[in-house]
Amino acid sequence: MQEREKKRDALRAAGVDPYGGRFPDVEAAADLRARADVCDIPAGEKLPDFTARIAGRITLLRDIGKLAFLTVQDRTGAMQFGLSRADLGDAQWAVFKQLDLGDIIGGDGIIGRTKTGELTLWLKTLTVLAKALRPPPEKWHGLTDVELRYRHRYVDLFSNPEVREVFRQRSAIIHAIREHLVDLGYLEVDTPVLQPIYGGAAARPFTTHHNTLDMDLYLRISPELYLKRLLVGGMERVFEISRNFRNEGISPRHNPEFSMIELYEAYADYNVMMERTEGMVAAGIEALGGGFIRPYGELELNFAPPWRRAKYADLLGEHTGLDVKDTSGVLERAKQEGIYQKLTKMIGDGHVHVRPDHAAPGSLIDHDVLVNELFDMLVQPHLIQPTFVYDYPASICPLTRRHPEDPSIALRFEAFVAGMELGNAYTELNDPRVQEEKVMDEDFVMALEYGMPPAGGLGVGLDRLVMLLTNSRSIRDVILFPLQRKG
RNA sequence: GAGGGCGUAGCUCAGUCGGCAGAGCACCUGCCUUUUAAGCAGGUGGUCCUGGGUUCGAGUCCCAGCGCCCUCACCA
């Protein structure tokens with residue numbers, strides 16, 4: 001670092017600003033490459049009339065005496081600069097001598113190809129735009145220490161092109177989904193992140209406080225209750241790309257703050273929401289290119305619609321041989337798997353509620369809770385190809401409309417891919433008197449009393465979708481600044 | 001919250017049985033007008049994650065702590 005500060009001072013002493021300002025009309029390296037490709041420049045030739053201006057960070061520097069080659073990287077790729085002491089003049093050559101890997105420079109010159117055919121910008125003028133005081137990571141391995149990659153993501157980004165590519169793809173996916181929904185007549189909205197009453201999911205919130213109002217507030221765990229108010233207000237198709245905050249554990253699939261796209265469509269139901277899920281994912285895939293069949297780790301996933309649709313009860317039977325309504329059979333299996341023992345141990349902690357009316361004789365745990373645990377343990381890991389699991393046990397889905405012919409079934413689906421939950425949807429409950437029993441938010445109930453159109457609602461985890469489409473193992477690889485403990 | 005793994009130069013990593021702290025890249029000095037992980041010669045660079053302990057002597061062994069990764073739990 002001391003050496004670099006000396007060079008910075010040397011530049012200043014020579015009247016060169018080491019932190020240059022505006023540098024207009026820079027061409028992207030990829031655009032220049034395309035422009036050059038149509039010219040058929042022979043190896044070893046320079047075209048005196050083909051001028052260009054490029055800017056970026058120095059990633060390679062080879063000084064071979066009175067001639068030097070630099071590789072400069074911009075957002076679109078790399079471009080080689082050629083510097084000749086004879087052409088540049090002593091003053092500019094002296095400037096070059098103060099450069100290091102990692103510095104950001106601009107170059108004006110003419111295009112040519114070297115003996116080996118590499119496209120090269122032969123500089124007439126060199127402009128220092130930012131002197132880097134810290135060296136970049138090693139050129140061959142880049143930055144691989146995951147802790148440093150997350151803590152200093154800027155280094156990760158400029159030294160690892162594949163990381164930049166993942167986040168470019170993330171942007172493309174979200175942009176495509178947004179356009180897809182807008183094309184369907186959806187309005188994009190923003191609802192409160194700071195909520196006096198939290199709801200819409202079962203998770204512990206982060207709490208905060210507004211000083212002037214002297215009011216406790218929660219960071220939202222879901223935008224759901226606000227988006228439904230908008231349905232009442234006549235906004236019949238709305239979506240929000242919502243950062244949600246859940247004060248829960250961290251894992252390769254969970255970050256405390258994460259992005260979800262949530263949408264509501266009046267007069268639709270959960271079947272329509274299955275199509276919306278397929279449509280959004282297809283739009284994301286189309287933006288990336290490469291087709292519906294995509295690698296994910298050792299797996300090969302086929303996102304081509306329509307995805308498999310399977311009833312919760314049928315899948316349970318398929319993978320466990322159990323009948324959902326067989327309370328004693330489920331209890332026995334739950335004991336075999338150790339689930340029952342685990343749950344009864346947790347009753348004291350208040351995490352598990354005892355509901356004898358829904359339990360098998362002699363069981364302390366609600367039947368549907370046992371079923372759900374069995375499902376998570378024995379069925380979910382097998383849901384590799386995109387699958388809509390629908391018609392859930394009603395007791396584990398309070399905000400969902402019941403099946404008209406079977407009140408024990410909720411009109412809900414979850415989308416699973418690679419054994420991971422990707423989305424969750426309902427045919428929404430719009431009866432205020434039923435809702436009232438289950439929600440603390442009086443204003444929300446009042447909204448329903450004014451009449452909410454029947455609707456389908458859907459939430460898709462955007463980080464997880466980006467993981468699946470970019471073949472990323474960890475949610476931290478698709479979130480720019482994942483939460484880290486204070487280092 | 002529980003278990004396992006990891007932590008050494010700016011970066012990527014070796015470090016044997018407890019016996020002088022190492023390599024490559026980067027950096028510095030010199031040479032080189034077509035390099036491609038450029039090359040050649042010489043050189044600088046260390047809180048071995050932190051704090052204790054054992055020992056004549058600790059990067060190495062023991063204890064505690066911190067951080068990261070993984071698994072489980074919690075949670076969608």
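Quantities reported herein were computed from a predicted structural model and do not represent experimental measurements. Sequence lines set the chain letters: A, B, ... in the order given, protein chains first and strands last, and positions in each chain run from 1.
- Remark: B:U33 base-pairs with no nucleotide in the shown strands. Criterion, Watson-Crick or G-U wobble with two distances under 3.5 Å.
- Spacing between B:G10 and B:C49 at atom P, rounded to whole Å, works out to 13 Å.
- The CD1 atom of A:Ile250 sits 16 Å away from the P atom of B:C75 (whole-angstrom rounding).
- Residue A:His152 contributes atom NE2, which lies 12 Å from atom C1' of B:G67 at whole-angstrom precision.
- Using a 4.0 Å heavy-atom cutoff across all strands shown, A:Lys139 reaches sugar-phosphate atoms only and no base atom.
- The base-pairing partner of B:U60, taking Watson-Crick or G-U wobble contacts with both distances under 3.5 Å, does not exist among the strands shown.
- Among the heavy atoms of the strands lying under 4.0 Å from A:Gln380 is at least one base atom, whether or not backbone atoms are also near.
- When distances run from any side-chain atom of A:Glu248 to the nucleotides B:U34, B:C75, B:C27, the shortest one goes to B:C75.
- Of the listed nucleotides (B:C69, B:C74, B:C25), B:C25 has the atom at the smallest distance from the side chain of A:Glu138.
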Subject >> Residues A:Gln80, A:Thr120; criterion side chain to side chain donor-acceptor pair (under 3.5 Å); working and verdict >> reply: CA-CA 5 Å; A:Gln80 177 162 276; A:Thr120 300; 3.0 Å; yes
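- Using a 4.0 Å heavy-atom cutoff across all strands shown, A:Arg253 reaches no nucleic acid atom at all.
- Across all strands, A:Asn424 comes closer than 4.0 Å to no nucleic acid atom at all (heavy-atom distances).
- The residue A:Arg476 sits close only to the backbone: its heavy atoms come under 4.0 Å of sugar-phosphate atoms, none of a base.
- Distance noted for atom P between B:C17 and B:C13: 23 Å (whole Å).
- Atom CG in A:Leu83 sits about 15 Å away from atom P in B:U34, given to the nearest Å.
- Closest to the side chain of A:Thr120, out of B:U12, B:U35, B:C28, is B:U35.
- The structure places CE of A:Met273 at 12.5 Å from CG of A:Asn424, a figure rounded to the nearest 0.5 Å.
- Heavy atoms of A:Pro252 sit under 4.0 angstrom from primed sugar atoms or phosphate atoms, though from no base atom.
- In this structure, CZ in A:Arg309 is found 5.5 Å from CE in A:Met274, a value given to the nearest 0.5 Å.
- Residue contacts shown for A:Gly459 are absent, as no nucleic acid heavy atom lies under 4.0 Å away.
- Only the P atoms considered, B:G57 is 33 Å distant from B:G3, to the nearest whole Å.
- Between the side chain of A:Thr116 and the base of B:U34, no donor-acceptor pair under 3.5 Å is found.
- Of the listed nucleotides (B:C28, B:U35, B:C13), B:C13 has the atom at the smallest distance from the side chain of A:Thr144.
- Base engagement by A:Asp376 is indicated by at least one non-hydrogen atom pair under 4.0 Å involving a base atom.
- Taking atom CD1 on A:Ile58 and atom P on B:A26, their separation rounds to 14 Å, with Å as the unit.
- In this structure, B:C27 and B:G43 make a Watson-Crick or G-U wobble pair, each of the two defining distances being under 3.5 angstrom.
- Contacts of A:Arg85 with the nucleic acid, taken as non-hydrogen atoms under 4.0 Å apart, are absent.
- The nucleotide whose nearest atom lies closest to any side-chain atom of A:Ser474 is, among B:C70, B:G24, B:U34, B:C70.
- Between A:Arg485 and B:C68 there is a side-chain polar atom (N or O) within less than 4.0 angstrom of OP1 or OP2.
- A salt bridge (Lys or Arg N to Asp or Glu O under 4.0 Å) with A:Asp100 is found for one member of A:Arg134, A:Arg8, A:Lys7, A:Lys6 and no other, namely A:Lys7.
- B:G3: Watson-Crick or G-U partner is B:C70, with both key distances under 3.5 Å.
- The residue A:Glu118 sits close to a base: some heavy atom pair falls under 4.0 Å.
- At a cut-off of 3.5 angstrom, the base of B:U35 holds at least one donor-acceptor pair with the side chain of A:Gln80.
- Closest to the A:Ile64 side chain, of the nucleotides B:U34, B:C28, B:C68, is B:U34.
- Comparing B:G67, B:U34, B:A26 by their nearest atom to the side chain of A:Glu147 picks out B:G67.
- Both tests hold for A:Arg57 against A:Phe158: distance to the six-membered ring centre under 6.0 Å, angle to the ring axis within 45°.
- Under 3.5 Å, the side chain of A:Thr114 and the base of B:U36 form at least one donor-acceptor pair of N or O atoms.
- On the P atoms, B:A9 is 35 Å away from B:U35, given to the nearest whole Å.
- Comparing B:A21 with B:G59, their P atoms sit 8 Å apart, to the nearest whole Å.
- Just one residue in the list A:Asp156, A:Ile479, A:Asp477, A:Leu483 forms a side chain to side chain contact (heavy atoms under 4.5 Å, CB included) with A:Tyr150, and that residue is A:Asp477.
- Taking atom C1' in both B:G4 and B:U8, the straight-line distance is 22 Å, to the nearest Å.
- With distances taken from any side-chain atom of A:Leu101 to the nucleotides B:A26, B:C68, B:C74, the minimum falls on B:A26.
- B:C56 sits 23 Å from B:G51 when the C1' atoms are compared, rounded to a whole Å.
- Between A:Asn247 atom CG and B:A73 atom P the separation is 20 Å, expressed in whole Å.
- Taking only side-chain atoms of A:Leu143, from C-beta outward, the nucleotide of B:A38, B:C11, B:C69 with the closest atom is B:C11.
- When the C1' atom of B:C28 is taken as reference, atom CG of A:Asp63 falls 14 Å away, rounded to whole Å.
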Subject >> Step-by-step side-chain contact (heavy atoms from CB on, under 4.5 Å) determination, A:Leu225 to A:Gln195 >> reply: CA-CA 10 Å; A:Leu225 301 183; A:Gln195 302 181 348; over 6 Å; no
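- Here the side chain of A:Lys115 is nearest to one of B:U12, B:U34, B:C75, namely B:U34.
- Both the sub-6.0 Å distance and the 45° axial angle are not jointly satisfied by A:Arg170 relative to the ring of A:Phe167.
- The same atom, C1', is picked in B:G45 and in B:C27; the two are 8 Å apart, to the nearest Å.
- Between A:Arg308 and A:Glu318 there is a salt bridge, since at least one side-chain N of the basic residue sits less than 4.0 Å from a carboxylate O of the acidic one.
- Across all strands, A:Ala86 comes closer than 4.0 Å to base atoms (heavy-atom distances).
- Taking atom CG on A:Leu483 and atom C1' on B:C75, their separation rounds to 16 Å, with Å as the unit.
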